[in-house]
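Note sheet for the following structure.
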Number of protein chains: 2
Amino acid sequence: MFVAERRELLLQRLQADGKLVARDLAVELGLSEDSVRRDLRDLAAAGLCQRVYGGAVPVSRALADYSARRAVEPDSKRRVAARATRLIRAGDRVILDGGTTTLAVARTLPRDLAVTVITHSPTIAAALVDHPLVEILLLGGRVYKHSAVACGAATVEAAQTITADLFLLGVTGVHADHGLTTGDAEEAAMKRVLASRAADTYVLASVEKLGAVSPYKVLDLGAVTGIVTDAFEGEPVDQLRRAGPELILTG
Amino acid sequence: MFVAERRELLLQRLQADGKLVARDLAVELGLSEDSVRRDLRDLAAAGLCQRVYGGAVPVSRALADYSARRAVEPDSKRRVAARATRLIRAGDRVILDGGTTTLAVARTLPRDLAVTVITHSPTIAAALVDHPLVEILLLGGRVYKHSAVACGAATVEAAQTITADLFLLGVTGVHADHGLTTGDAEEAAMKRVLASRAADTYVLASVEKLGAVSPYKVLDLGAVTGIVTDAFEGEPVDQLRRAGPELILTG
DNA sequence: CTCTCTTCACGTTCATGCACGTTTCGATCA
DNA sequence: TGATCGAAACGTGCATGAACGTGAAGAGAG
């Protein structure tokens, strides 16, 4: 990737997220923080962003003090996504579920990480097209509007032909008694099929999902390898842990 | 290959990929990096591209990266897209090819038009998720980075199971003698398969495509029902018309 | 032979990562 | 409240390798 190209990407990201974090960008772009800082410095010198401690913000919307910026810090989904990304090893075949958290995973995949991503989400596939090394395997079928993923017989059939090392699963409810749940029956079935194709399944559960229950059961807690969450140690987390899965905290 | 010819190729490649990498081009064209660099230097001097360390990018910053190009289509593509949209009737099953022009079609679909859209492009599928009435059928398979569409055996197989009323085809070259051409062999084959599944095939050809020739043949002009273009009446248009297809002008 | 295009050789510039000393920030303590 | 301390972020200088431009030499077409 060219320098000019990279800076273009940074500006684009700045507009989308409202801020740039040097450390995260370094990991994501697969280069040292020094180089990222150099980019930010040059962009700031060109008047395209404003440099702040830890990263950069848009010129117009510069926040007064550091603590106020802390408030806009990576929201919980970003944190969970960043931690989940670290579960992926070079060469892995990874199934990415649909949803905003897994989309964040796709966007934070380091650019020097060569993996095969299998997904039934056109949104995730589209987000990964720009990645230089990732090979994308798209599972086709009828696209359900509810959460913008392909579901149904054709998709299940396509899923049956593949295997993977890892499945990053998104759900809307994670409950010690009711297990993993989501809002659509067809999607729940799809998630089960995908889980059956991967050696390990990890649930991405930002803190608001814990304790929540949705109408349709996906899997029991015992059926997954682990749960990635940004919740802190405590009784709710312990309850989940007793049900079987490894609890991976972002803390 | 003549120098002028090679530079034509470079420009074409630049428009397709959004960037040129000196090293890759040297290997691909079978000559030294020196010569490639000289070409890039001359093209930049003529204002046809912008030189960067490692290669070259388009002059306009709007064209600098593919994602930006997806956001703002030139007027010509929008005109063609708008006219092509009028070929679609309520209840139709429509195959949408990948590419910026067909993406513009997806975006301009009236929100009260109920159709089934079949596509092998995750980008187009993602763009249609917000549409209230469209039913999306996604063709899966390995996603080719070149133009961000699914191709290959699995995709062909999926395509064989469907039929459609209409196929809106995007190509990079429309030429009276050389027919319809595109920049990738695999994609060319994919487009042929899709054409075979639809009752009618219409080519979307904004004016800069007319008279252009790319390396890989898709179909003969006689194999398609019509060509939608924003070119004006004249000898070039007449030449195409004599080859068989109906010419639909936006003018 | 002449002209053009190409490659090769050379010294130069550029991008990057590392090392080191400095600054900034939040937390802790008086 | 104000002072102090450690960690993180920062800037600078430097080394390295890649990419670059220039000029000379070689190859091929007319």
Side-chain angles (χ1 to χ4, degrees), chain A residues 1-11 13-14 17-59 62-74 78-79 82-83 86 110-113 132-133 232 250-251, chain B residues 1-11 13-14 17 19-59 64-65:
Chain A
M1 159 173 300
F2 303 138
V3 178
E5 210 177 349
R6 191 177 63 220
R7 301 199 173 163
E8 198 68 34
L9 180 75
L10 291 184
L11 288 177
R13 182 63 63 87
L14 178 60
D17 297 351
K19 63 167 183 175
L20 294 174
V21 181
R23 186 187 175 79
D24 295 353
L25 290 170
V27 174
E28 192 178 334
L29 298 173
L31 35 78
S32 73
E33 292 185 41
D34 297 76
S35 298
V36 173
R37 273 200 294 270
R38 251 188 285 257
D39 284 348
L40 295 181
R41 206 184 312 163
D42 293 351
L43 287 176
L48 297 169
C49 72
Q50 181 163 337
R51 196 77 175 79
V52 296
Y53 194 82
V57 295
V59 270
L63 293 170
D65 59 311
Y66 187 77
S67 44
R69 287 197 305 275
R70 264 277 158 85
V72 241
E73 229 192 338
R78 283 291 283 280
R79 280 199 299 273
R83 183 62 188 85
R86 285 167 48 203
R111 297 185 74 82
D112 59 352
L113 183 64
L133 296 177
F232 297 110
T250 61
Chain B
M1 173 182 296
F2 302 125
V3 178
E5 203 177 351
R6 192 177 62 221
R7 299 198 174 169
E8 197 66 35
L9 179 72
L10 291 184
L11 287 176
R13 181 65 64 88
L14 178 60
D17 298 348
K19 64 188 272 194
L20 293 174
V21 182
R23 173 192 271 275
D24 295 354
L25 290 170
V27 173
E28 195 178 329
L29 299 174
L31 34 78
S32 73
E33 291 186 39
D34 297 75
S35 299
V36 174
R37 272 201 295 270
R38 188 153 25 79
D39 284 348
L40 295 182
R41 207 183 312 160
D42 294 351
L43 288 175
L48 298 170
C49 72
Q50 184 175 338
R51 196 78 174 79
V52 298
Y53 196 83
V57 294
V59 268
D65 58 316

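Predicted, not measured: the structure shown is a model, and the values here were computed from it. Computed from heavy atoms alone, side chains included, the values below leave out hydrogens, waters and symmetry copies. Labels below follow one simple rule: chain letters A, B, ... track the order of the sequence lines, proteins then strands, and each chain is numbered from 1.
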Just checking B/V21: base, sugar-phosphate only, or nothing, at a heavy-atom cut-off of under 4.0 Å?
nothing
Minimum heavy-atom distance A/R38-A/R7, with the two atoms named:
O-NH2, 4.4 Å
If I take atom CG in residue B/L20 and atom P in nucleotide D/dA19, what distance separates them, rounded to the nearest angstrom?
15 Å
Can you name the closest pair of heavy atoms from B/L20 and A/F2 and give their distance?
O-CZ, 3.1 Å
CG of A/L25 versus C1' of C/dT16: gap in Å, rounded?
16 Å
Could you tell me whether the phosphate oxygens of C/dT7, OP1 or OP2, come under 4.0 Å of any side-chain nitrogen or oxygen in B/R37?
no
Shortest non-hydrogen separation from B/L40 to B/C49 and the atoms involved
O-SG, 3.9 Å
Here the distance between atom C1' of D/dA19 and atom OH of B/Y53, to the nearest Å, is 4 Å
Interatomic distance where CD belongs to A/E33 and P belongs to C/dA15 [whole Å]:
20 Å
Whole angstrom is fine here: how far is it from CZ in B/R38 over to P in C/dT7?
8 Å
Looking at B/D34 and C/dC8, is any side-chain donor or acceptor paired with a base atom of the opposite kind under 3.5 Å?
yes
Just to confirm, is there a sub-4.0 Å distance from OP1 or OP2 of D/dC20 to any side-chain nitrogen or oxygen of B/R51?
yes
Give the rounded distance in Å between these two atoms: CG of B/L29 and C1' of C/dT7.
15 Å
Looking at every strand, decide which applies to A/R23 at a 4.0 Å heavy-atom threshold: base, sugar-phosphate, or nothing.
sugar-phosphate
Closer than 4.0 angstrom, basic N to acidic O: yes or no for A/R13 and A/E28?
yes
Length of the CZ-P vector between A/F2 and C/dT16, whole Å
12 Å
Check every atom of C/dT6, D/dC10, C/dT16 against the side chain of B/R6 and return the nucleotide holding the closest atom.
C/dT6
What does A/R41 touch in the nucleic acid at a heavy-atom separation under 4.0 angstrom: a base, only the sugar-phosphate, or nothing?
base
Smallest heavy-atom separation, B/K19 atom then A/M1 atom, equals NZ-CA, 4.3 Å
May I ask you to verify if any side-chain N or O of A/S35 is less than 4.0 angstrom from the OP1 or OP2 atom of C/dG17?
yes
Nearest whole angstrom, please: distance from the C1' of D/dC10 to the CG of A/D42.
15 Å
